Amino acid sequence: MGRVAVVGVGHSRFGRRTDVNVAELAFESIKQAVEDSGADRRQIGTVVVGSAGGWYEESLPAVIINEYAGFDSVGTMRVEAACASGSAAVRAAANSIASGETDVAMAVGVEKMTEVDTLTSVELIGRAGSYTWEFENYGMTFPAYYALYAVSHMSRFGTTEEDMSRVAVKAHHYGSLNPLAQFQKEITLEKALGSQMVSWPLKLYDACPLSDGSAAVVLASEEAAKKLTDTPVWIKGTGYSSDSANLSRRDDYVGLRASVDASRRAYGASKVTPDMVDVATCHDCFTIAELMAYEDLGFCKKGEGAKMIRDGETELGGRIPVNLDGGLKAKGHPIGATGVSMTVEITKQLRNEAGKHQAPIKNGIGLVHNVGGTGHYAYVTVLSRD
Amino acid sequence: MGRVAVVGVGHSRFGRRTDVNVAELAFESIKQAVEDSGADRRQIGTVVVGSAGGWYEESLPAVIINEYAGFDSVGTMRVEAACASGSAAVRAAANSIASGETDVAMAVGVEKMTEVDTLTSVELIGRAGSYTWEFENYGMTFPAYYALYAVSHMSRFGTTEEDMSRVAVKAHHYGSLNPLAQFQKEITLEKALGSQMVSWPLKLYDACPLSDGSAAVVLASEEAAKKLTDTPVWIKGTGYSSDSANLSRRDDYVGLRASVDASRRAYGASKVTPDMVDVATCHDCFTIAELMAYEDLGFCKKGEGAKMIRDGETELGGRIPVNLDGGLKAKGHPIGATGVSMTVEITKQLRNEAGKHQAPIKNGIGLVHNVGGTGHYAYVTVLSRD
Amino acid sequence: MQAKEDPALHSRRSLTLRFDIPTSKTKEFWEALKQGRFVTTRCAKCGHVSFPPQSDCPKCMGGEFSWTDLGPDAKVVTFTHVQITPASFVDNDPYIIAICEFAGGPKVLAWLEGVDLPKVKPGMPVKVAARASAEGNPYYVFVPA
Amino acid sequence: MQAKEDPALHSRRSLTLRFDIPTSKTKEFWEALKQGRFVTTRCAKCGHVSFPPQSDCPKCMGGEFSWTDLGPDAKVVTFTHVQITPASFVDNDPYIIAICEFAGGPKVLAWLEGVDLPKVKPGMPVKVAARASAEGNPYYVFVPA
Ligand SMILES: [Zn+2]
Ligand SMILES: [Zn+2]
């Protein structure tokens, strides 16, 4: 497999973006990414759009976005891997290069989730499991999915509601340092703990918001990357996995098997171990998800996620800083955009361009962990300065 | 790029399949494809599912299908390129091999379109263009999209309603030879010409039906293919293109620019010329679409599509036999399945396993032409016996 | 064909989607339309005229633009008469959809009103006209010139 | 945050989806349930027991199977109490969802009824019980054993 590099990044402001439609929103990131890459737009042979869809009026988002951005006659498709759709887009765009189809490709992630009312959003996400067996009669919701894991994790390892709220406090702290984040205000532990119960034991501040947003990356082959930039960030290794649609078929509820498998494959492909990771984004759609991710990705042993957050090990200055952009929790989680947004964040970190939330880079290695649904999908990508 | 071969094929019966849900329907093809390939299921490192979605209850079809078929922890995603979603799945699975991710991959195409009423289906397809500018106020439909092309083609080249009906008669004839086709009865020219007007000048018999169906292919790297089978069918070259979402932005309405671009790229990549093609599937969602495809793919000059059908050049025994499986028109068009179904058909033709509708194979070359929407996407794949 | 009597779960949940589509970037278009003018965007950098209007240029990616008048005169490029309508248009009579081209400018898709199907031909002169839906939403149609 | 007064097109078209989901392959499950029995599929070739029931074996791809009784005794593995419900469940009071495991067999997700949240614990013994919706659709819940 030829090496593939990230050579350009773009990122919209996340939040309730009632000022733009889906194509206008995607364009914000596309323009930045193209300009950042220095590539001529006509070099881009493939545009892959990651979007779960359903939340907004356009059912062929790839086509609408390409028309708006002037990508005439480009090879294109949309990919969906639930909340990991963005990572699936990065994967497909990278494979388009590694297979020799094109030298330069773009992955665009976008979602526009605020054009429907909140309970319709709850419905759309709740249906994304096993509709027939777990939604039709039981009304599963996204918080309910993760609450089933939280209860099991609490019962088995003594993780507490306070531990989960600590993840929210951390997220909002870093969100306050990211001008593109949906929430830019710090919160207290008391505020998080006292917030509205959504699906016991998960509260409003355990959950990421509904968001509009986009992100884009331009990828290039080794030869093209070296012509375009002095600061390529290489896709060093990737791993993908999946698990059952029915939650009832999972082995247990204290971690996501798909995350474990995907990370082991990514570590193997990149010859990297967790202790070499300078900075990571972990999929924190709920606070419990971040704690499980620490464990599933091998940042700590199973059951010790809560200890990591209590000890500040995933803070800036800690052993493995996680979600310094605010994470899904504070930056926002426009479903299809998230995986691309994570790739943008880690690329900026490895380029030392992350501004107020820059991590110290020692080994030149960052990790993107992006989950679809409740571990229905997992995508892990190891990025590297060399 | 390493060579990739089709080593196993599977195909469900197409039609109104009220006997199976989406996962059960997909499994029919998956099981056949795996058995046909001779691969151990655990060799399959990636499963890509092509499905437009929206028509059936499950919003994460890839996950539901993998769970049902027992693909635990496989790397997976769904791809969408409207009615070319199946070809996009074949492309993504092939790229997964060519990039070195895996040696064996599967592409599954599936749609389940009869779980909603017909006018809701008309709505779902009509929305798949530019919702804001062409649907919200004007109620575009799929037949209307192609009727705009038909009127222009008739006006410019003298193509007639009778010419279009001839395509339907041909399709139903070959459908009668395909036990998996939705329609297996021949029709007369009079019946086609006299059928209900849908969107003038297109009538019921100018249109493909709403269908349920699935198809699957197992793909392998050169090394893996040679171990698995004596009759690999190689993906010799592929081309992809796209065009505007808004029909108003198209240059003209007598052909699909995306088909022209995609076929030129596929011919270039495979070093094949149209006269070398032994057998082809062309995207005949409407009869006018097949006539335009003859021209856009270079089987004849622009404007001479009607002459080709009149002269029988695309019949079995003609210069380039097209849609010997009945095409979308008679075999049926379960959106996400179609591109994979076409790949199955051409693979069988090149293996001389197409039964009653087998074409004579001289050069060992077949072509798959799959359009998404009204030329919003086009995918062309050249397959070869060597 | 399957028997119609195959058992099925008739879902008791419906999913209803209705979108609020942001129009901040095109509000000048909709406001001009209410006043009977048909305008679109012209890129300040490369001069490209887009329809639909868009505040970012698809040719040069520039973000500076002005609004330019298009109408009202155009001619029919192609057309159809929709007799089977989508679920959300079931209360409509069959309608003619036409793509019409403005002089030296872009093409636009809309209903063609005030003419019977047999009289419509490619090349037919038309003009664009403003309409409002029962809900008060502005839209536009073509009518014979 | 954007101003709420950003202009928007409030679409006048809604898309309503409601599905007829084929159950031919699981009709024995739903019919047994109506008679108060909780059954699922066991592969004739490899013996694998699936839940949800499926007529093709996910382990060996075999197509021969028999129906086997599961219930009624199970125990709670994990649970939650849903307080913000989806649009199509707005008429429901908050509900407890539990994943429960049958002795030596598969796990099943359903509502847990007849017990207050503070009394629910992992390991709690429950039994499965048949219910019918107002529309007559059969479903199942867990209740304290
Ligand atoms: Zn310009
Ligand atoms: Zn078995």
Side-chain angles (χ1 to χ4, degrees), chain A residues 1-2 21 46 52-54 57-60 62-64 66-68 71-82 84-85 88 91-92 94-101 124 127-132 135-136 238-246 249 257-258 261-262 265 372-373 376-377, chain B residues 1-2 21 46 52-54 57-60 62-64 66-68 71-82 84-85 88 91-92 94-101 124 127-132 135-136 238-246 249 257-258 261-262 265 372-373 376-377:
Chain A
M1 174 169 173
N21 66 29
T46 284
E57 68 282 3
E58 297 295 352
S59 48
L60 302 183
V63 175
I64 278 282
N66 285 328
E67 171 181 320
Y68 190 88
F71 283 100
D72 301 328
S73 113
V74 75
T76 190
M77 64 181 175
R78 175 171 70 110
V79 299
E80 175 267 307
S85 297
R91 171 200 184 187
N95 279 356
S96 182
I97 294 170
S99 69
E101 270 186 9
L124 281 165
R127 285 171 174 246
S130 166
Y131 177 86
T132 305
F135 187 87
E136 166 77 16
T238 48
Y240 324 111
S241 189
S242 59
D243 206 339
S244 65
N246 279 278
R249 267 191 169 144
R257 195 201 59 196
D261 291 348
R265 292 171 190 171
H376 295 83
Y377 293 94
Chain B
M1 174 172 172
N21 66 28
T46 284
E57 69 283 2
E58 298 295 351
S59 49
L60 302 184
V63 175
I64 279 281
N66 286 327
E67 172 181 319
Y68 190 89
F71 283 99
D72 301 329
S73 116
V74 75
T76 190
M77 64 182 174
R78 174 170 69 112
V79 300
E80 175 266 304
S85 297
R91 172 200 183 184
N95 279 355
S96 182
I97 294 169
S99 70
E101 270 185 10
L124 281 165
R127 285 172 174 244
S130 166
Y131 178 86
T132 304
F135 187 87
E136 165 77 16
T238 48
Y240 324 111
S241 189
S242 59
D243 205 339
S244 65
N246 279 278
R249 266 189 171 144
R257 195 200 60 197
D261 291 347
R265 291 171 190 170
H376 295 83
Y377 294 94

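Naming: A, B, ... by sequence-line order, numbering from 1 per chain. Please read all numbers here as calculations on a predicted model, not as lab measurements.
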For the student: nearest non-hydrogen atoms of [X] and [Y], plus distance:
X	Y	result
B/Glu58	A/Tyr131	OE1-N, 2.8 Å
B/Asp243	A/Val63	O-CG1, 3.5 Å
A/Arg91	B/Gly75	NH1-C, 4.5 Å

Most chain A-contacting option - heavy-atom pairs closer than 4.5 Å, from B/Glu136, B/Arg78, B/Glu57, B/Met77: B/Arg78
Heavy-atom pair count under 4.5 Å with chain A, highest-scoring of B/Ser96, B/Gly54, B/Gly372, B/Ala92: B/Ser96
Option in A/Ala245, A/Ala52, A/Gly53 with maximal non-hydrogen atom pairs under 4.5 Å from chain B: A/Ala245
Contact winner vs chain B - A/Ala81, A/Ser130, A/Ala62, heavy-atom pairs under 4.5 Å: A/Ser130
Say whether, by atom type as modelled, one donor and one acceptor occur between the side chain of [X] and the main chain of [Y] under 3.5 angstrom.
X	Y	value
A/Ser244	B/Glu67	no
A/Glu80	B/Leu60	no
A/Ser242	B/Val74	yes

Side chain proximity check, B/Glu101 to A/Tyr240, heavy atoms < 4.5 angstrom: yes
Would you mind checking which part of [X] comes under 4.5 Å of any heavy atom in chain A, side chain (CB onward), backbone (N, CA, C, O), both or neither?
X	value
B/Asn21	neither
B/Thr132	both
B/Ala84	neither

Distance, nearest 0.5 Å, that separates CG of B/Asn95 from OG1 of A/Thr46: 8.0 Å
OH-CG distance between A/Tyr68 and B/Asn246, expressed to the nearest 0.5 angstrom: 12.5 Å
Contact origin within A/Ala82 toward chain B - heavy atom pairs under 4.5 Å: both
For A/Arg265, all residues meeting side chain to side chain contact (heavy atoms under 4.5 Å, CB included), sequence neighbours excluded: A/Ser241, A/Asp261, B/Ser73
All side chain to side chain contact (heavy atoms under 4.5 Å, CB included) counterparts of B/Ser59, not counting sequence neighbours: A/Arg127, A/Ala128
